[in-house]
Structures are given as structure tokens and as C-alpha cells.
Amino acid sequence: MSVEEKSIRLLRENPICDHCLGRLFARYGRGLRNEDRGRSIKTVLTMEAHRMLSLPGMEVQAEQNLRALWVNGGFEPAKQALLYEGKEVEPQGRACMVCNGMMDKLAEAVQAALDSLHQIDYENFLVSTVGAEEIMKREEDLAVSYGLEGFESVKWEINREVGKAISAVTGKPVELKRPDVLVEVHPLSMTVSLKLSSIFVYGRYRKLERGMPQSKWLCSYCHGKGCAHCNYTGKKYPTSVEEEIANVLVPLAQGSGDKFHGAGREDVDARMLGDGRPFVMEILNPKKRRFDLSGAEREIKERSAGKVEVLGLRFVGPTMVQRVKSGEKSRKKYAGLIESEQEISEEDVRIINASFNNVEILQRTPTRVSRRRADIARKKTVYAFQVKKVGPNLLQFEAETEGGTYVKELISGDSGRTVPSVSGKIGKLLKCKELDVLGVEGQYESEGI
Ligand SMILES: [Zn+2]
Ligand SMILES: [Zn+2]
């Protein structure tokens, strides 16, 4: 059956708008909008029915076709033809049985999208239709009953038409892979909602005060709700590196929250000095995608009252998250103080300084974290470990180790769970009293976004 034959059958049995009729034959003809396809089919059918109206024996069928085109197709020229030929004309019938008249109101969705987009920063966008399942079911049913193998899903038409209309007004392109904003169209209500993709800020942080975790740490009793244990803050520690940074960056981006990705982490009681530790802060639902980062660096330092400093902030792409996280395994430099139960001799110092030159150690998960992490044994390399006596029971130390080495346990031996250990080498019980991270190796500064 030809396009015309199928179309007149469809229109005699169902109310169908221009968009939906055209979409049922979307495969045929290129560079045409579905609405134009639908109008063109109805135009040809109207002309043909009007021509047949004066042919003997054809009048009844021709008149029925013209009425179908007007009543079911809502096609004004068919009504004009009937009136011209002196026929009575009934009012237009029900709305389109596929879209229920929705496709004629796409301009409302476009306007709603433009109003929302006006309030945010974005370079590109993508349109996605949600909640069109009923419409899709009806068009699939029609396609099956009428043998229409060339139809297109309503979703694609909405996505394309709304996308083109937004581009035409804003001049911003559609981006399929990684759009700054996803415009979700809800066709039943002709409303839109925006999904803003995260932005990512890379930098290095220095933590200049002990007793602060890297990321927000919820109270273990109430898990953030607030209880007597945490003084109704919901948190185990009053602040964290993450919060000190997020408190500045999230409001600048007008975001809804953050995720913190660090190249490993130091203990709560360790400082992070030197050039700092690489991190990426992901800011969720940002209305602003670019802002002054050097101003942000100054503000973080001021507002945290010297507890946290950040260096080299810059905007990066999402792939930087994995790159920074893999830095967890890179070399680290440490410094700190060791306290001994017994007095330290010069011989002890000599033994320690000679013992850890590119040495492999075996570490089981430390007792202090074994409740939170699986108990496994890891091989780690200690590249260097040097001490200097600064009191009868006190040693200053500097160490360089493979990422993921538990330095406190390397010193104490953790009751034999780390071997060899500094304690074990001299047979005296040692404890890491202070720990600072001096450096985290990593080549991020020169890499692109
Ligand atoms: Zn329709
Ligand atoms: Zn609590």
C-alpha cells in the first residue's frame, strides 16, 4: 500500500495531528520535519478527494475522505473544500489519538526550557524526553495494526525539535557526549527540568593543623542526624579539609553539594605539608561553571583561619578524578617524632639508619582500622627511613615509602603485624608521636584537562 493509501485509512479511523502522521512515515524523504511530512500528505489527500468529488460514482467516498481529513485530521483546507462545494461541515473531532494534541504545544516546553536555562551557565546542552511511554505505546500499536515500518519514536522528534528551537534562540550547540546541562522534557505536562552536570576543580591541599579528617566524617552514633554524642552536629569532627574547601567553592558555583576525591589521605592526626596532596573537588548541580579560582584560594585560606591552604586550583574534566585517585599508590614523604619507652642509644640510631634502604615490608591491616577494613597482608616498599636523636627517648624521623604504607605501624610493629619494623630492629617499643606528610608524588600540573 502506498503512503497515501495507508494515510487515508489511518485518518478515516483515527484522529491524527500533522506531527504524528508525518512521524509514522518518518523514514521517507530526508531533510523534512515530521510536521511538514504530515501536512504534505494531508494536502495531497485533500486535493485528490476534492478532484474525485466531481467524478461519477466516486462522490460518496471522496466526501467521506474530505470529512475525515477535516474532522480527524484537523486539516483546514479540507473543510474549505467541503464548504466551497456547498456541503455542511461538522466541528473538528477529538484530539490526536497518538499525542493527545501535545505535539502542537512543543513551543511551551521550549519557552519553559529557555526560562530555566537563562538562570544558569552552560556552553552546550542536550534534550531528553522522559515519561512519554504511553505515547510510544500508542504509536507502536498503530504501526503494528497498519503495517507502518518506517515510523520514528516520538521521543526523537521532541528531542530534536526542542533542541533545534533552543539552539536557534541561544546560539548554543547540542552536545551528545558530555553536555553541561540535560534538559528533560515532560511531554504530558509540557514542563522541563534541568540536570546540571558536575564541574571538577583540581588542586593540592595543605593541612596545617592536626586532628582534622580529610573528608566530612559523620557521627558514628547518629550517622549525621544529630545526637547528644556529637552535640547535635551530626559530625565526629567539627570540620574537615573537604568542608573548608567546599564552603568556598560550592557557593561560588551555586552548587548543591560536593564530592571529594583525594590522592590517598593522611591520618586525622597527621598534617599534610610540602606541596600538598592532589585532589579533585566535584561540585554537584552547579549553576555557575566558571569563577575566579585564585580568589577562591585566598578565601579558603582566610576562612579556615590557616587550617587549610589550597594551591594551583584549576578547572578540569571528569577523567581527572581517576587520575588523582590512582595517585594514592605513588610515593609519599613523611616526617615526624618517635617516642621510645626506653632510652635510645647511639647504636640504636645507627641500626635504624642502616636498616630501611629500599626494603620490602609485609603489613597486615593495622589493629586501629581493622574494624573498618578487611584484614589483608600487603607488601610495601620503604625507600628510606632516617632518624636523629633529639632527646633521651625522642627521635625525629624522615621517611619515604610506597603509597598506602602505614607509617605508624612501620614504626611500632603493631604487635608483629608489620615486619620488619623500626621497633623490631632495635628491640624497643616505639610509638609515632607526630606525623606529617611532606610530599605526594604525582605529575598532574602539566597534564591537560
Ligand atoms: Zn499527534
Ligand atoms: Zn551524633
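Indexing begins at 1, ligand by ligand and atom by atom, following the structure's order.
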>> Between Cys227 and the Zn ion (ligand 2), is there a contact where an N/O/S atom of the residue lies under 2.8 Å from the metal?
In response: yes

> When you draw lines from the Zn ion (ligand 2) to SG of Cys222 and to SG of Cys230, what angle lies between them, to the nearest 10°?
Replying inline: 110°

>> Under a 3.5 Å threshold, yes or no: a donor from one side chain and an acceptor from the other, between Glu161 and His19?
In response: no

>> Under 2.8 Å from the Zn ion (ligand 2), can any N, O or S atom of His229 be found?
In response: no

>> Looking only at side-chain N and O atoms, does Ser421 offer a donor or acceptor that is under 3.5 Å from a partner on Glu409?
In response: no

> Which angle, to the nearest 10 degrees, do you find at the Zn ion (ligand 1) between SG in Cys99 and SG in Cys20?
Replying inline: 110°

> How about Tyr146 and Glu13: does a side-chain donor come under 3.5 Å of a side-chain acceptor?
Replying inline: yes

> So does Arg289 pair up with Asp180, basic N to acidic O under 4.0 Å?
Replying inline: yes

